[in-house]
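Notes for the one structure printed next.
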Amino acid sequence: MSSLQPAKGSSKDEPGLRYPSSGKTIYHRPLNRSKASELSGASFAYLFSEMVGYASKKIESIQDLEKRLNVQGHPIGLKLLDLLLYREPPRSQTRPLNIITLLHFIKINVWQHLFGRAADGLEKSSDPSKPDEYMIIDNEPLVNRYISVPKDMSQLNCAAYVAGIIEGVCDGSAFPARVTAHSVGKQEEGEMWPGRTVFLVKFAPEVMEREGYLGKG
């Protein structure tokens, strides 16, 4: 009876996954390897533009597109939280226990991992009626650098994808929140940061209630 298995060497002509000659893939790399593993700007620009193009199909409004980008970023945030905590020294390998610790973790650790620098600012809402709102500020979001927005969609902010990542980190840390991206830079000549973006983090009522108990303790 003849063998049905393909001959060696014929796999090169077959469709499917291509493996490096060493036989090792990205899954063989250690999780704590953080240096010399950056993605080139050109590769990221191409990949992200394709993601935006895919998300923009059959949308009814700008809000629909931003919602889709947010949903795409959310699972990244969940997985990124576990990865960054795994890479922390054993003594500090604990999840954030309060809002301020969590937001500083996002501003420094998450931004450093994603963009090679810390976020430009972290503020609490000055409105006394909104104690559950905080703002993370990025003067020049990387995700907006290579995106050309049509005139009829001038209100679009593709940093909604990053807002989804932030939301995923918050949810994974047991601090459920709603995160949205807002353009606050002025499109005027001489403006230093025309792409300035504020990520508005609005925590759920149960988070604020728990924070109040911790403060009393």
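Computed over heavy atoms, backbone and side chain alike; hydrogens, waters and symmetry mates excluded. For reference, positions follow the sequence shown, starting with 1.
Looking at V143 and I147, their side chains never come closer than 4.5 Å, going by heavy atoms from C-beta outward. V184 places none of its side-chain heavy atoms less than 4.5 Å from the side chain of T197. Counting heavy atoms from C-beta on, the side chains of V179 and I136 never come closer than 4.5 Å. At least one side-chain heavy atom of L102 sits less than 4.5 Å from a side-chain heavy atom of F203. A 4.5 Å side-chain heavy-atom check between F199 and Y134 finds every atom pair outside the cut-off. Counting only heavy atoms from C-beta outward, the side chains of M208 and I99 approach each other to under 4.5 Å. Side-chain contact between C158 and L69 is present, with at least one heavy-atom pair separated by less than 4.5 Å. E66 has its side chain within reach of I62: a pair of non-hydrogen atoms, C-beta onward, lies under 4.5 Å apart.
Residue-environment remark: NZ (K202) exceeds the threshold of 12 foreign heavy atoms within 6.0 Å. Other residues, nucleotides and ligands contribute more than 12 heavy atoms inside 6.0 Å of the CD atom of Q112. Residue E60 qualifies as open at atom CD: its count of foreign heavy atoms under 6.0 Å is 12 or below.
Distance CD1/I166 to CH2/W111: 3.5 Å, rounded to 0.5 Å. Considering CD1 of I76 and CG of L83, their distance stands at 11.0 Å, rounded to 0.5 Å. Rounding to the nearest 0.5 Å places SG of C170 at 10.5 Å from CG of L78. With rounding to the nearest 0.5 Å, the separation of CG in L200 from CE in M135 is 7.0 Å. To the nearest 0.5 Å, atoms CZ (R68) and NZ (K58) are separated by 9.0 Å. Rounding to the nearest 0.5 Å gives a distance of 6.5 Å between OG of S183 and CG of N144.
S129 and D127 form a side-chain donor-acceptor contact under 3.5 Å, judged by distance and modelled atom types alone. Side chain to side chain, N157 and H182 fail the donor-acceptor criterion of an N or O pair below 3.5 Å.
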Go through it in stages, so that I can follow the logic: the residues are E88 and N109, the test is side-chain contact (heavy atoms from CB on, under 4.5 Å), and I'd like the CA-CA distance, side-chain angles, deciding distance and then a yes or no.
CA-CA 10 Å; E88 286 289 315; N109 299 59; 3.1 Å; yes
Stepwise side-chain contact (heavy atoms from CB on, under 4.5 Å) test for V110 and K107
CA-CA 6 Å; V110 173; K107 176 181 181 291; over 6 Å; no
Would D82 and R87 satisfy salt bridge (charged side-chain N to carboxylate O under 4.0 Å, His left out), going step by step from the backbone distance to the final call?
CA-CA 9 Å; D82 290 334; R87 289 177 174 173; over 6 Å; no
For L114 and I165: C-alpha separation, side-chain torsions, deciding distance, then whether side-chain contact (heavy atoms from CB on, under 4.5 Å) applies.
CA-CA 10 Å; L114 293 175; I165 296 177; 4.2 Å; yes
Decide yes or no on side-chain contact (heavy atoms from CB on, under 4.5 Å) for R196 and D138, but give the supporting numbers first.
CA-CA 6 Å; R196 184 181 173 92; D138 193 328; over 6 Å; no
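The two residues A163 and A181 have their closest heavy-atom pair at CB-N, 4.1 Å. Contact between L81 and S173 at its shortest, heavy atoms only, is CD2-OG, 3.4 Å.
In this structure, R95 fails the cation-pi test against F175, since its NZ or CZ atom is not both closer than 6.0 Å to the six-membered ring centre and inside 45 degrees of the ring normal.
Hydrophobic clustering keeps Y54 apart from I59 (ILVMFWY residues linked when any side-chain heavy atoms are closer than 4.5 Å, directly or through intermediates). Under the 4.5 Å side-chain heavy-atom criterion for grouping Ile, Leu, Val, Met, Phe, Trp and Tyr, V71 is not connected to L80 through any hydrophobic cluster. Criterion: ILVMFWY side-chain heavy atoms under 4.5 Å apart, direct or through other members. Under it, I106 and I100 are part of a common hydrophobic cluster. V169 and I137 fall into different hydrophobic clusters, where Ile, Leu, Val, Met, Phe, Trp and Tyr residues are linked whenever their side-chain heavy atoms come under 4.5 Å apart, directly or through other members.
Under the salt bridge (Lys or Arg N to Asp or Glu O under 4.0 Å) criterion, E167 pairs with R178, not counting sequence neighbours.
A donor-acceptor pair under 3.5 Å is absent between the side-chain atoms of T101 and the main chain of L97, judged by distance alone. A donor-acceptor pair under 3.5 Å is formed between the side chain of D120 and the backbone N or O of N139.
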